[in-house]
Amino acid sequence: MKKKWVFVLTGCIVSIGLLTGMGYVGATNYFKDKYAPNTWVNGVYCTGRTPSDVNQELLQGLEALTITVTDTDGKQYSYDLADAGLTFDYSASLNAYHKHQLNNGWTSMLWQKNQIAAGEAAFLYDELKVEEWWQELPFVKAENTEPILEMKLDDEKGYVLYSTLEGHLDVDQALTKLVTNINDRQTEFSIADSDCYFDYEMTSAQEKTYQTWKELKELEQCGLTYDMGAEKIVFDEALMSKLIAKDSKGNPLINEKGSYYYDLEAADAFMEDLCEQYHTYGVERPFKTSRESGDIVMVKPGNFGTEIDVETEKAYLREVLTDSKLRKEKTNHVPTYLHETLVHGLDDTGGTYIEVDKLEQKIYYYQDGELMVTSGVVTGNLRTRHDTYEGAFYIQAKYKNKVLRGPGYASFVRRWMPIYKAIGLHDANWRKEAEFGGETYKRNGSHGCVNMPDETTDIIFDNAEIGTPVFIFQ
């Protein structure tokens with residue numbers, strides 16, 4: 001009986017062993033292409049699943065990459081790699097871990113949770129598609145143009161060299177770096193930071209153009225400034241370029257020595273034009289009156305005005321142009337005047353002047369643009385044909401306590417300011433206050449001078465300096 005139980009027990013043990021062995025063999029065969037128990041990949045439960053199944057689930061959470069290229073002007077161009085057939089794949093890392101599982105046996109993983117990181121997915125795309133997109137980018141297509149080096153005459157800068165020889169993008173090298181960036185999972189690519197630039201070498205024709213430009217720029221260098229008062233005429237590159245000799249088509253000329261040179265006749269013409277702009281002596285000039293209507297009248301020529309010695313200035317400019325050392329010196333040149341005013345410039349009147357309106361019999365005195373006095377006056381006697389001269393004059397002198405003499409009269413004045421010949425501004429204490437500013441001049445006017453009340457005379461005499469312009473008009 002005892003032997004029988006031993007036999008039965010032995011049989012059970014053997015059976016259990018056989019069943020266990022069969023289960024182990026079956027489980028081993030089952031996990032041969034699947035993940036063992038307690039396996040997690042990137043947070044996904046993977047027990048009993050093949051690497052291929054897990055790969056497909058992990059890929060569902062991935063998005064296609066978009067590459068952004070920024071050119072040197074800051075413009076951006078984007079490309080979706082899905083258009084290049086981009087595909088992702090975790091198979092390499094998933095299969096590697098499964099192989100590790102096979103090598104170590106699935107039973108070793110029963111008693112612990114196995115958290116696995118699949119790492120970055122490998123990806124594949126058609127590089128030819130990326131290259132096609134790259135070749136159509138505007139800054140890449142621009143590199144297909146022939147590099148140039150040209151010289152042009154600019155109205156504001158003189159002779160300017162336009163060159164596209166420098167700073168060219170090596171499109172093939174840049175494309176290689178772009179693909180490398182993509183493979184390194186970088187989605188931004190800056191052309192400016194790519195270090196893919198080169199310069200073209202000049203051709204023999206371009207070298208000749210460059211040397212011509214250098215010679216002309218040398219002729220454009222000048223340190224001369226004409227000090228016209230309110231205005232400064234700087235002989236900069238733009239101005240000097242206009243004085244370089246040119247043919248009828250505007251091309252610079254070469255002399256018998258093979259050098260570019262200045263057109264001295266053009267320099268003379270320039271100086272004549274410059275002096276003419278500032279010529280006001282002996283010339284009728286427009287003048288805005290102080291009348292309420294703001295009339296603009298034409299004031300006749302007088303002894304006031306600017307006239308530059310044209311011949312002297314033409315000779316001086318020629319000297320500067322023909323002496324390279326003198327030409328490059330920093331020189332602030334004040335022109336020589338045949339007739340000069342207190343204020344130099346296109347407006348040689350300035351803000352300080354005297355205005356005599358014969359029609360309204362009024363005088364105005366402005367100082368630095370501010371009206372200092374307005375007063376009635378008495379001008380020349382129309383009845384005796386002693387009309388006051390009209391024109392642009394100036395205070396030639398100032399005298400106190402002067403006796404003015406003429407045919408049949410001798411008048412004492414406290415203040416006398418001659419402006420032209422025997423004509424001037426002065427007080428007239430023999431006149432009543434009511435006479436100033438009315439029609440007295442028609443029957444009992446002066447001998448041609450401008451008579452003023454004492455107070456007006458004193459203000460003008462004390463403030464207006466010799467040379468102050470006096471404009472007299474009808």
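Starting from 1, each residue takes its place in the sequence as its number. All heavy atoms count here, side chains included; hydrogens, waters and symmetry mates do not.
The backbone N or O of A36 sits less than 3.5 Å from a side-chain atom of T47, completing a donor-acceptor pair. The backbone N or O of Q186 sits nowhere less than 3.5 Å from a side-chain atom of D184 that would complete a donor-acceptor pair. Judged purely by atom type and a 3.5 angstrom limit, K398 uses its side chain to pair as donor or acceptor with the backbone of A464. Remark: side-chain polar atoms of E218 are not paired, donor with acceptor, to backbone N or O of K214 under 3.5 angstrom.
Partner Y261 forms a side chain to side chain contact (heavy atoms under 4.5 Å, CB included) with one of I254, L253, I244, T322 and no other, that one being L253.
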Report the C-alpha distance between F198 and Q173 in whole Å, list the side-chain angles of each, state the deciding distance to 0.1 Å, and finish with yes or no for side chain to side chain contact (heavy atoms under 4.5 Å, CB included). CA-CA 11 Å; F198 69 97; Q173 183 184 10; over 6 Å; no
Yes or no on side chain to side chain contact (heavy atoms under 4.5 Å, CB included) for I395 and F461, after CA distance, side-chain angles and deciding distance? CA-CA 10 Å; I395 295 177; F461 188 92; over 6 Å; no
Test salt bridge (Lys or Arg N to Asp or Glu O under 4.0 Å) on E237 and K157 and set out the steps. CA-CA 6 Å; E237 294 177 335; K157 300 178 182 178; over 6 Å; no
Please determine whether side chain to side chain contact (heavy atoms under 4.5 Å, CB included) holds for the pair D53 and K34, giving the CA-CA distance in whole Å, both sets of side-chain angles, and the decisive distance to 0.1 Å. CA-CA 9 Å; D53 290 338; K34 301 177 180 64; over 6 Å; no
One pair to check against side chain to side chain contact (heavy atoms under 4.5 Å, CB included): T164 and E146. What are the steps and the verdict? CA-CA 9 Å; T164 62; E146 195 70 24; over 6 Å; no
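Going from atom OH of Y278 over to atom CD1 of I233 covers 4.0 Å, rounded to the nearest 0.5 Å. Note: T379 OG1 to K358 NZ = 6.0 Å, rounded to the nearest 0.5 Å.
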